[in-house]
Number of protein chains: 2
Amino acid sequence: MKAVSEHETVSEHVAAFRRFNRYFTRRIGALDDHYLGQNRPLGEARLLFEIGDGASLRELRARLGLDAGYLSRMAKALEAQGMVRLSVHPDDNRLRRIELTPAGRVEVKEQNRRADALVASLLDGLTPAQRARLTEAMSTTERLLRLAAITVEHVDGASPDARATLAAYAAELDERFPEGFDAADLVRPEEVSGDSGAFFVAYEAERPVGCGGLRRLGPGVGEIKHVWVDPDARRLGLARRILTALEREAIERGFDVVRLDTHAVLTEAQTMYRAAGYTEIPAYAEHVYAGHWFEKRLRGAR
Amino acid sequence: MKAVSEHETVSEHVAAFRRFNRYFTRRIGALDDHYLGQNRPLGEARLLFEIGDGASLRELRARLGLDAGYLSRMAKALEAQGMVRLSVHPDDNRLRRIELTPAGRVEVKEQNRRADALVASLLDGLTPAQRARLTEAMSTTERLLRLAAITVEHVDGASPDARATLAAYAAELDERFPEGFDAADLVRPEEVSGDSGAFFVAYEAERPVGCGGLRRLGPGVGEIKHVWVDPDARRLGLARRILTALEREAIERGFDVVRLDTHAVLTEAQTMYRAAGYTEIPAYAEHVYAGHWFEKRLRGAR
DNA sequence: GGGGTCCTTTGACTAAAGTCAAAGGAATAT
DNA sequence: ATATTCCTTTGACTTTAGTCAAAGGACCCC
């Protein structure tokens, strides 16, 4: 009974999603592409648009998912038209840097103007209140879609992605803590690997955008460390998902309770932990940066 | 001051719209297209999908915006693959009817299954509450975008579109009124044309999806007649827009007040009129179908 | 300083997408 | 009944988009 109704709701959401997708890509997406290109193949228009304030071909290849040969030729064509300038990349002679010429900049501006005008004319039919509701609904849709597309994966604590996210985490704390933060105070990779613990990295389209670690604190007790989300991926509910992954891992490892500490200035984090069922407890260890300690019981109700 | 802040908000909405558009078409739309086609050029896949329970080539040409020659060839290719059957259209020997064969039906079903699975796997990352919020936000977005894309145009009361919408209106009333509705009781075209009145038709992508008329009732008094919205376009706020257009017209024609009557069973309409500033008044004329009478003062406050 | 890796260019193709115009049969308007 | 309009087919193209592999110069790691 339960299963049936659950299934029905999921397929309802799937149907709604597909209906929206069809409507949006047919009516709006198509419009945009069509008007954007105007006198130019879409591929070139997109490339031109994506260059921004200069980029390497390698970057563009990754961002637009293009074949190397194909991109090389398009770049050459745009250069011949006087839209871009190609040069060897200052940092690495293998790479080529591509930049807009003044003429290219004019064309991009013109593309933007046209697209803006198109959207403005569309919004024209709505009242200000409706426009506000539309913007709100779009941003909710986008946030949830992004969240859905992010995966949280178990990785080795010493892997490059783990180290990269921890470095970003440390850099941010160093900014935010009045006393600064020393990267030497991060957990050691072996504390969150193998039998000792676990480390998770969140990926959005292959890019690491968040992390969190779990280590053993004592018998039946785990500690959650370094839960962090990239500024670009905040307000999506990602920290909550990382936390859920860590708790699931803790349960599998037989911990009955998990603890964590947090700095006094990280008020959003404290709010999040409370909402996730954590309760504040007295200090369970001395940490240089800690100001608040929390705990959550994972099994054996209360 | 006012104008500046107004302008700023509009451009904010434009920016938000474009950001959403970019995100959605790049990430989601692309996914969909890529997985849909699988072993088949996208054009063919789209065509196959669009056939549904059979259609004429002409219809498909309009819906997909294809060149006649291109479509003809694709149809022939699909026929050679045993996916569709082509035949002369029963109603008009110039047209060709295209239908799916059993094999074609299987493939469309398979396309659908794949797309559903893709979406389901995407939604998998969300909690049920988040899924519900996503569906809600998408449907709001879609409703408002549809509303924004609809235009309300002044047409002659005797034009084919005016007659078509009025016929649909009459047919619906005939269903809904316990006593039925006789199309002979509609306004005559000349009452809502030229100096006597005005008629508006709402178009969504060239298709008439709503209407409303205004006629002169007496000195300074106009009457709003036959405001109707196609079932496919309801719950978008379209009736309200038609009403606004009629009131603007009434003001231009120098009417101080507009009246209207409505049948007792049309409770949604009554709610809408009240929300739009209409107040119920005693019967101002005898009408066979009327059960409630409303009025709105357009100028000379109270 | 030598092998492996990385990035780009070039040649050589292929497939898909789309355009244009001529032509012929079928409806429609007058 | 005749001119006009419609819808589709066909031939003859062009442009985009994309793929694959070979090759060469630059970097990186011992």
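Only a predicted model underlies this, so the values are computations on that prediction, with no experimental measurement involved. Here is how names work: the chains are called A, B, and so on, in the same order as the sequence lines, proteins then strands, and each is numbered from 1.
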Flag the pair A:Arg85 and A:Glu79 as a salt bridge only when some basic side-chain nitrogen lies within less than 4.0 angstrom of an acidic carboxylate oxygen.
no

On DNA chain D, which is the earliest and which the latest nucleotide, 5' to 3', with an atom closer than 4.0 Å to a heavy atom of chain B?
D:dC6 to D:dA12

Between B:Asn93 and C:dG25, is there a side-chain N or O to OP1/OP2 distance below 4.0 Å?
no

Under 4.0 Å protein heavy-atom contact, by nucleotide of nucleotides 14-19 of chain C - B base, S sugar-phosphate only
--SSBB

Hey, can you tell me if B:Phe24 and A:Phe24 have their rings parallel, tilted or perpendicular (30° and 60° cut-offs)?
perpendicular

Using a strict 4.0 Å threshold on nitrogen-to-oxygen distance, state whether A:Glu191 and A:Lys225 make a salt bridge.
no

For the pair B:Thr165 (side chain) and B:Asp161 (backbone), establish whether a donor and an acceptor sit closer than 3.5 Å, ignoring hydrogens and angles.
yes

Considering residues at least two apart in sequence or located in another chain, which fulfil the salt bridge (charged side-chain N to carboxylate O under 4.0 Å, His left out) criterion with A:Arg234?
A:Glu172

Note: B:Glu99-B:Arg97 ion pair, threshold 4.0 Å (strictly below)
yes

Looking at B:Arg61 and B:Asp67, is any side-chain nitrogen of the basic one under 4.0 Å from a carboxylate oxygen of the acidic one?
no

Surrounding CG of B:Asp232 (heavy atoms of other residues, nucleotides or ligands, distance under 6.0 Å), is the total greater than 12?
yes

Partner of A:His226 by ring-ring contact (aromatic ring centres under 6.0 Å, His included), out of A:Phe181, A:Phe200, A:Tyr169
A:Tyr169

Could you work out how much the helix from C:dG1-D:dC30 to C:dT30-D:dA1 bends, comparing the axis of its first five pairs with that of its last five, to 10°?
30°

For A:Glu190, which residues count as a side chain to side chain contact (heavy atoms under 4.5 Å, CB included) partner, sequence neighbours excluded?
A:Arg188

Under 4.0 Å from any atom of DNA chain C, heavy atoms only: list the residues of residues 50-63 of chain B that qualify, in numerical order.
none

